[in-house]
> 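Dropping a structure here in structure tokens format, bear with me for questions.
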Protein chains: 2
Amino acid sequence: MNILDQTPKIIKSIPNPGIFKALAHPARLAILEVLRDGEACVCHMEAHLGYRQSYLSQQLAVLREAGIISDRREGWNIYYQVVNPNIFKVLDSAALLSCESVAKKHQSSLSCPCPKCNPNK
Amino acid sequence: MNILDQTPKIIKSIPNPGIFKALAHPARLAILEVLRDGEACVCHMEAHLGYRQSYLSQQLAVLREAGIISDRREGWNIYYQVVNPNIFKVLDSAALLSCESVAKKHQSSLSCPCPKCNPNK
DNA sequence: CCAATATATTCATGATATTGAATATAATAT
DNA sequence: ATATTATATTCAATATCATGAATATATTGG
């Protein structure tokens with residue numbers, strides 16, 4: 001019997017492969033680790049991850065187009081946050097399978113200049 | 001302060017991007033849905049998913065090389081199973097984010113010829 | 001050994017992803 | 001208006017992925 005010939009009794013669902021495509025990249029995973037602590041602007045990620053701004057912007061665009069993160073402008077800064085915190089369940093369950101320690105290639109010594117990081121300026 | 005300069009108090013871990021790369025493909029996700037019910041041989045997937053044998057074999061190789069599935073020969077047949085059932089937690093949490101109904105493109109009308117599917121032959 | 005069955009690999013081509021470099025845009029301050 | 005700051009986009013070169021076609025391997029049974 002063909003599954004398409006009948007009204008299904010249970011609704012099975014499969015994930016959208018696009019989610020995994022967006023997650024299949026070390027820089028984008030690093031970005032999401034920053035966003036685990038809440039929203040962050042690009043300069044914040046620049047300071048914490050050490051990637052160049054335009055590179056981060058490209059990777060943020062991939063995550064944005066995949067519907068994983070959203071952005072919000074506040075003056076000069078654009079703050080990013082995850083659309084659905086359940087994304088961290090995906091990351092955490094995947095980390096259980098084969099984890100890698102966070103050996104940041106691009107650890108930076110810069111400090112973030114954004115207003116959130118410098119409230120008294 | 002650089003994270004690499006100190007002994008970390010907590011061990012953070014990030015998932016291996018290779019896992020997501022392997023999952024970022026509809027045929028491979030369909031294969032894993034078949035394996036949700038337990039081990040299955042290639043002809044079983046051929047019958048249930050309608051993909052050609054050599055195509056399935058290629059996709060199985062990707063999942064195998066990613067360490068997601070393992071194989072076991074029994075006579076003519078090679079049975080595949082997931083290495084770690086936690087992979088389904090990854091799939092399920094991702095499906096919660098953006099689910100798609102199982103509209104199988106390649107639903108086949110073939111029946112599987114393997115001994116497990118035909119115990120009395 | 002030969003034939004049949006189940007599965008795997010290789011090859012070639014087109015499509016897509018990666019990433020550095022350069023440039024563009026948008027908001028603010030002067 | 002102009003300069004500055006934060007961020008985004010475009011372009012081009014390279015690398016990787018997707019996939020059909022053909023072929024190879026391994027097991028079993030004569």
Side-chain angles (χ1 to χ4, degrees), chain A residues 17-31 34-35 39-66 69-81 105-106 110-118 121, chain B residues 17-31 34-35 39-66 69-81 105-106 110-118 121:
Chain A
I19 297 283
F20 295 126
K21 199 178 295 186
L23 296 179
H25 194 288
R28 297 196 287 266
L29 291 176
I31 288 170
V34 172
L35 296 183
E39 66 173 11
C41 61
V42 180
C43 60
H44 198 90
M45 304 179 204
E46 214 178 334
H48 281 72
L49 299 174
Y51 291 112
R52 286 172 306 102
Q53 175 271 318
S54 70
Y55 183 74
L56 275 174
S57 220
Q58 289 177 82
Q59 304 302 158
L60 287 166
V62 175
L63 291 171
R64 196 184 336 113
E65 281 152 26
I69 59 177
S70 63
D71 58 324
R72 172 181 78 81
R73 179 180 280 274
E74 194 178 304
W76 276 337
N77 300 95
I78 294 184
Y79 292 93
Y80 281 91
Q81 63 178 338
K105 267 186 201 156
H106 299 85
L110 299 172
S111 65
C112 175
C114 87
K116 282 210 166 184
C117 291
N118 300 278
K121 270 192 188 170
Chain B
I19 298 281
F20 296 125
K21 202 178 291 186
L23 296 179
H25 193 288
R28 297 197 285 267
L29 291 176
I31 288 170
V34 172
L35 296 183
E39 68 173 9
C41 61
V42 181
C43 61
H44 199 89
M45 303 179 205
E46 213 177 336
H48 281 70
L49 299 174
Y51 291 113
R52 286 171 306 102
Q53 175 271 320
S54 70
Y55 184 73
L56 275 173
S57 219
Q58 289 178 80
Q59 304 304 158
L60 287 165
V62 175
L63 290 171
R64 195 183 339 111
E65 281 153 25
I69 60 177
S70 63
D71 58 325
R72 171 181 78 81
R73 178 180 282 274
E74 195 178 302
W76 276 336
N77 301 95
I78 294 184
Y79 292 93
Y80 280 92
Q81 63 178 338
K105 267 187 202 156
H106 300 85
L110 299 171
S111 65
C112 176
C114 85
K116 283 211 166 185
C117 291
N118 300 277
K121 271 193 186 170

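Chain letters run A, B, ... following the sequence lines, proteins first and then strands; every chain starts at 1.
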> What donor-acceptor contacts under 3.5 angstrom involve side-chain atoms of residues 70-78 of chain B, with partners at least two apart or in another chain?
residue	atom	partner	partner atom	Å
B:Arg72	NE	B:Glu39	OE1	3.2
B:Arg72	NH1	B:Glu74	OE1	2.6
B:Arg72	NH2	B:Glu39	OE1	3.3
B:Arg72	NH2	B:Glu39	OE2	2.5
B:Arg72	NH2	B:Glu74	OE1	3.2
B:Arg73	NH1	B:Gly75	O	3.1

> How do A:Leu56 and B:Tyr55 order along DNA chain D: which one's closest nucleotide is nearer the 5' end?
A:Leu56

> What residues form a side-chain hydrogen bond (donor to acceptor under 3.5 Å, both in side chains) with B:Ser54, not counting sequence neighbours?
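B:Ser54: side-chain hydrogen bond (donor to acceptor under 3.5 Å, both in side chains) contacts with B:Arg52.
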
> Taking protein heavy atoms under 4.0 Å as touching, what does nucleotides 22-30 of chain D look like 5' to 3' if B marks base contact, S marks sugar-phosphate-only contact and - marks none?
B---SBS--

> Taking side chain as C-beta onward, heavy atoms only, is B:Cys112 less than 4.5 Å from B:Glu46?
no

> So, using side-chain contact (heavy atoms from CB on, under 4.5 Å) as the criterion, who are the partners of B:Ala24 when residues are at least two apart?
A:Phe20, A:Lys21

> Using a cut-off of less than 4.0 Å, is there contact between a side-chain N or O of A:Asn77 and OP1 or OP2 of D:dT7?
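Indeed, a polar side-chain atom of A:Asn77 lies that close.
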
> Provide, to the nearest angstrom, the distance between the CZ atom belonging to B:Phe20 and the C1' atom belonging to C:dA17.
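Taking atom C1' of C:dA17 as the reference, CZ of B:Phe20 is at 18 Å.
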
> Identify the residue among B:Leu60, B:Ile31, B:Leu56 that makes a side-chain contact (heavy atoms from CB on, under 4.5 Å) with B:Tyr80.
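Of all the options given, the one that passes is B:Leu60.
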
> B:Arg72 has an atom CZ; how far is it from atom P of C:dA8, in whole Å?
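The distance from CZ of B:Arg72 to P of C:dA8 comes to 13 Å, rounded to the nearest Å.
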
> Rounded off to whole Å, could you give me the CD1-to-P distance for the B:Ile31 and C:dA8 pair?
10 Å

> Measure the CG-OH distance between B:Leu49 and B:Tyr55 for me, rounded to the nearest 0.5 Å.
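Spacing of CG (B:Leu49) from OH (B:Tyr55) equals 11.0 Å.
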
> Using nucleotides 1-3 of chain D, report all nitrogen or oxygen pairs with the protein that are shorter than 3.5 Å.
none

> For a quick test of reading the model, state the closest non-hydrogen atom pair linking A:Cys114 to A:Tyr79 and the distance between them.
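Nearest pair, atom of A:Cys114 first, then A:Tyr79: SG-OH, 4.0 Å.
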
> Reading DNA chain C from 5' onward, which residue's closest nucleotide shows up sooner: A:Gln59 or B:Asp71?
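Checking each residue's closest nucleotide, the 5'-ward one belongs to B:Asp71.
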
> What is the distance from CD of A:Glu65 to P of C:dA17, rounded to the nearest Å?
10 Å

> Could you tell me whether A:Tyr80 contacts a base, only the sugar-phosphate backbone, or nothing, with contacts defined as non-hydrogen atoms closer than 4.0 Å?
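Sugar-phosphate only.
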
> Below 3.5 Å between N/O atoms, which protein atoms pair up with nucleotides 14-17 of chain D? Just atom names and distances, please.
none

> Is there a side-chain contact between A:Pro17 and B:Leu29, using heavy atoms and a 4.5 Å cut-off?
yes

> Find the distance B:Gln58:CD to C:dA12:P and express it as a whole number of Å.
15 Å

> Relative to the ring of B:His48, is the ring of B:His44 parallel (under 30°), tilted (30 to 60°) or perpendicular (over 60°)?
parallel

> Evaluate side chain to side chain contact (heavy atoms under 4.5 Å, CB included) for B:Arg28 paired with B:Leu23, printing each intermediate quantity in order.
CA-CA 6 Å; B:Arg28 297 197 285 267; B:Leu23 296 179; over 6 Å; no

> Starting the side chain at C-beta, find the nucleotide from D:dA8, D:dT19, C:dT9 nearest to B:Arg64.
C:dT9

> Does the side chain of A:Gln81 reach to within under 4.5 Å of the side chain of A:Ile69, using non-hydrogen atoms?
no

> So B:Cys41, base contact, sugar-phosphate only, or nothing? Heavy-atom distance under 4.0 Å.
sugar-phosphate

> To the nearest angstrom, how far is B:Tyr51 atom OH from D:dA21 atom P?
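From B:Tyr51 OH to D:dA21 P: 16 Å.
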
> Using whole Å, what does the distance between atom P of nucleotide D:dA6 and atom CG of A:Leu60 come to?
16 Å

> When the distance from CZ of B:Arg52 to C1' of C:dT5 is rounded to whole Å, what number comes out?
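From B:Arg52 CZ to C:dT5 C1': 18 Å.
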
